[in-house]
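Report on one structure; see the data block that follows.
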Amino acid sequence: MEKPDGNAPAILFRLLGPVQLEAGAGKVTFSGRQGALLAALLLQADRVVSTQRLAEAIWAEPLPSGAASRVRMLVSEVRRACAALGAPVIHTQRPGYLVRLGPARLDLACFQDQIALARQAPAEQALGHYDEALRWWRGAPLAGITGSYAETQAEWLDGLRLDALEERLSVLLALGRTTDVVTEARALSGEAPFRERLHEQLMQALYESGRPSEALEVYRQFRCRLVNELGLEPTDELQQLQHRILRSEANPRRPHRQDGPPALPVPSQLPAAPASFTNRSDELAELDRRQSVETGHVGVTVISGPGGSGKTWLALHWAHTHRDRYPDGQLYANLRGFDAAEEPVPPGTVLRHFLTALGVPPAVIPDEQEARAALYRSVLADRRVLIVLDNARDSAQVTPLIPGRPGCTVLVTSRNRLVSLHTTHDARLLEVGAFSDEEARRMLAHHFGPDTMAADPDSVAVLLKHTGGLPLALGVLAARATAHPGFPLAVLARELRDPATRLDALQTGDLGADLRAVFASSYAALDPPAARLFLLLGTVPGPEIGLPAAAALAGLPPAATRTLISMLETATLIRQHAPGRYWMHDLIQLYAAERAEADLPAETRRQALTRLVETYTDTACAADRALYPHRPAVARRGGRHVFADAAAALAWFEAELPCLLPAQVLAAELGMDAETWQLAWGMNTFLLRRSYTRERLTSWEIALAAAERLRLPYTAAVVHWHTGYAHAAAGRIDAAAGHLDRALELFGQAQDRPMLAQVHHTFGWTWSVHGQPRRGLAHAQTALRLQREAGDPIWEANALSAVGWIRLQLGEYDAARDACEQALTLFRRHHDGGGEAATLDSLGLLAFHQGEYERALEYYGRCLDLREGTGNASQSADTLVAFGDTHHALGHTAEARAAWRRALTLYDAQHRRAESERVRQKLLPP
């Protein structure tokens, strides 16, 4: 083995055979439990594997008693064996261990690297890479290890080997080396009797070698084996290969169908190819993959998407590009399924049109649609024809136009998804949507030119934002710019920026290029209940909506609402981007809002939005209670909603936050002042734990305006308290002090001592984090006194924790420890994990300052578990930094850097730039 430098031997770990470590002339083989442990770590190289997962990999269920300690013992044994050969690669990192390979190599990675190179190389070079990859195999993978985990992983690894062998056979076929393929595939088929691709390659090689009878015998034997042992039939692809071979045997000298008379007409009905087609490379590739004239059935693909998404252009571009695959012609019909001016074209009419184009005399075309469809299928039985059915309304309009025998391809475009065609005709469903920003920019650049785009990037950004990537909208802008080449882009941008004129800017006077007309035809096709929901969804603030909120908006049960939403999904007017969550394109939503204002009474719209706001408020308050059960019960809402645990509440907030913030603005606009401030209350804990400082401050400022309109002193006190807290978190100390003073005044007038304690608690935190801990201590001690008088042990514990933290800042370590330990006892007695975590964090810092680093790690570790368990990402990041600092003090460089990197990821996600920069400095090389 080569050496990476002049001294150290190269290190290689092997899994593709016995589990081994090689270093220079040294070698050690691992088997049994040691081998299972090392294999589990190597298969997850550079990733932490928990102690629990390692135990499951070593022992079968149920795990032995003391499994964790036995794992640690095995780790020590394997570590020693690796270190003896100069490979100290196993590291401890919560909650388990990881292998850092560094300069060491893993045979599995080397194998996969060669396979990747082979897949990208020309056939001649690819063969060499496959051979090099397969040389890494030294026998059965993970040899010498038993157990269900090892068996599962060995099966997976052996599958990788067989995949590589099959890919290599494909290269040999491409190079025309059919004899080699026959020899190698026959040998492999005994080892892998159920590998269908392998048997397909063997059949193909035999057929191309002039041995079709042997190829058919391979198929017969393989099918018998599948049916008898697994109860399965071969896939369509293998059956189609058998049919092709059978046809070639039955007609070995069959002339081309158009070589002799009578010559049949070859229709060429496709409209002109789109002149400026751009993008859609993924969709075109998918069409290439799905369509083939040599299949065992008719290839049907439905291209669906909202009006204006470019379905027809995609179908025509692909059809023109692949015309040569269909020597017997191309048929086209606009079915006018969503035409505003004309009725949908009946299938019988299209059949007469197609039959005439295919050379059938009009006099012999039957009058009945069913008979016409039968004649149509007969005419196409032995022909290769491409049929494009544009703008279909439903499956019934398409079904009679699908040929009955293989050889033809049908492309259908529709605003509806036509899912039933998948069931009845195995149709492939391809949905197209809006362009990405990059694709939309590419389309505009094609029309405007790069110089125009570069000259006014601000206007270009507006065009991209407000067309939402919809191809028709971008095309309309291009047409307007072409018609008025002297107009600057700023003119178009100005019209698009204003929602009142946006749809006006996206029309040309041509119904085919008028977004309102396109959307109107889709709207007109809806049933009345679905149309009503479509209009109501247009009035919703925020970018998406969940099913419960949609049900509240509609005033219907969730099941009935789901049925109506499915209709809108089928019409591609709304999209389910995640289970139970729905999104509508901005321009479609704008159209729905316009029509709602015209078609729905104002009171109907107001009642729907009122139900929506009430649902958001109730659910947010219930979710907040699940996150923070010991929070003072101020906003008494959410009784109808129950969350199983904090994780469920967090998941709800993560999904709904983009809707909750606009809903609070809507509540204020509707005059729902109670809901306006209660929404701020409901969102507060989540926003705090996620460090959404700006959003939290905005929310409480909106709440403050609502509270002032309500003229309720207690509500005003609550809102001033939290508005002050939000200002303090944003670093606005003067504004914070003003609001907190006003809250103290109002709660004092109400003689509400527990709430006075809450405000003093916040005041204590505010002064201490802004450099005045002595001033903060006075407020924290007042809070402690008031909470003890109120007899609330949880909030007494919170006050004790605050006192301990501030005394720690002041260097009063004994007093700090005493307060924190009292707080910890109360938090644990009353099962308050959040308070326990905060106190453990203070005790960890205290231990760190006193040089008790191992104890600090224990405190920080438990604190981190609690904070991560409650989704407190903001304070988890802070704890990770302290965790890393403590490891660093102990000389655990790898563990320190791992903790800092995790903290950096969280800080970056929370946009906490100052904290991110401080951690980046820690991660700089020494």
Side-chain angles (χ1 to χ4, degrees), residues 630-632 634 684 688 697 700 713-714 716-827 832 834-846 849-850 875 878:
H630 300 293
R631 192 180 183 199
V634 172
N684 185 75
L688 178 63
L697 179 57
W700 281 110
Y714 188 85
V718 170
V719 175
H720 274 292
W721 164 33
H722 274 285
T723 305
Y725 192 178
H727 274 288
R732 302 176 180 180
I733 189 67
D734 292 338
H739 287 293
L740 293 174
D741 280 334
R742 180 59 176 153
L744 286 176
E745 179 185 350
L746 291 169
F747 281 132
Q749 292 171 1
Q751 298 184 349
D752 191 325
R753 300 174 73 80
M755 295 305 286
L756 279 171
Q758 294 285 345
V759 181
H760 278 294
H761 191 119
T762 303
F763 240 143
W765 175 86
T766 299
W767 291 123
S768 62
V769 298
H770 288 92
Q772 299 186 53
R774 185 65 65 186
R775 191 172 181 180
L777 180 60
H779 283 284
Q781 289 173 322
T782 300
L784 176 59
R785 175 178 56 80
L786 291 170
Q787 295 291 10
R788 281 174 168 162
E789 292 172 359
D792 187 329
I794 289 291
W795 283 103
E796 178 186 347
N798 273 287
L800 279 165
S801 183
V803 168
W805 182 59
I806 296 174
R807 287 199 181 278
L808 174 59
Q809 290 179 290
L810 292 167
E812 300 171 1
Y813 293 162
D814 291 340
R817 177 179 289 103
D818 180 61
C820 287
E821 287 179 348
Q822 290 184 59
L824 193 62
T825 299
L826 287 171
F827 281 134
D832 185 343
E836 181 182 347
T839 308
L840 287 167
D841 189 82
S842 297
L843 287 168
L845 183 58
L846 176 60
H849 282 320
Q850 294 187 318
Q875 291 182 319
D878 300 334

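Position 1 is the first residue of the sequence, and the numbers go up from there.
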**Residues in ring pair (Phe, Tyr, Trp, His ring centres under 6.0 Å) contact with W721, at least two apart in sequence or another chain** = none

**Message:** Please check: side-chain N/O of W795 versus main-chain N/O of H630, any donor-acceptor pairing under 3.5 Å?
**Reply:** yes

For residues 798-806, please give each side-chain donor-acceptor pair under 3.5 Å, one per line with the distance, not counting sequence neighbours.
residue, atom, partner, partner atom, Å
N798, ND2, I794, O, 3.1
S801, OG, T839, OG1, 3.1

**Request:** Could you tell me which residues satisfy salt bridge (charged side-chain N to carboxylate O under 4.0 Å, His left out) with D792, sequence neighbours excluded, listed by chain and number?
**Result:** none

**Asked** How would you list, by chain and number, every residue that makes a ring pair (Phe, Tyr, Trp, His ring centres under 6.0 Å) with H760, sequence neighbours excluded?
**Response** H779

**Fill in**
Tightest non-hydrogen contact, residues A797 and A823, listed as O-CB, 3.4 Å

**Item:** Pairing residues for D841 by the salt bridge (charged side-chain N to carboxylate O under 4.0 Å, His left out) criterion, not counting sequence neighbours
**Value:** R867

**Item:** By ring pair (Phe, Tyr, Trp, His ring centres under 6.0 Å) - contacts of H720 (at least two apart)
**Value:** H739

**Fill in**
Between V719 and T723 the two heavy atoms that sit nearest each other are O-OG1, 2.6 Å

**Request:** Might you confirm whether atom CZ of R732 has over 12 heavy atoms from other residues, nucleotides or ligands at distances under 6.0 Å?
**Result:** no

**Message:** Tell me which pairs pass salt bridge (charged side-chain N to carboxylate O under 4.0 Å, His left out) where either residue lies in residues 793-802, with sequence neighbours left out.
**Reply:** R788-E796

**Request:** Sort and list the pairs that fulfil salt bridge (charged side-chain N to carboxylate O under 4.0 Å, His left out) and have at least one residue in residues 758-767, not counting sequence neighbours.
**Result:** none

**Asked** Excluding sequence neighbours, so at least two apart, what forms side-chain hydrogen bond (donor to acceptor under 3.5 Å, both in side chains) with Q822?
**Response** D818

**Prompt:** Do the rings of F747 and Y714 sit parallel, tilted or perpendicular, given the 30° and 60° boundaries?
**Reply:** perpendicular

**Prompt:** Partners of Y725 by ring pair (Phe, Tyr, Trp, His ring centres under 6.0 Å), sequence neighbours excluded?
**Reply:** W765

**Request:** Provide the full list of salt bridge (charged side-chain N to carboxylate O under 4.0 Å, His left out) pairs with a residue in residues 768-783, sequence neighbours left out, each pair given once.
**Result:** R774-E812

**Asked** Among all residues two or more places apart in sequence or in another chain, which pass the side-chain hydrogen bond (donor to acceptor under 3.5 Å, both in side chains) test with R753?
**Response** E789

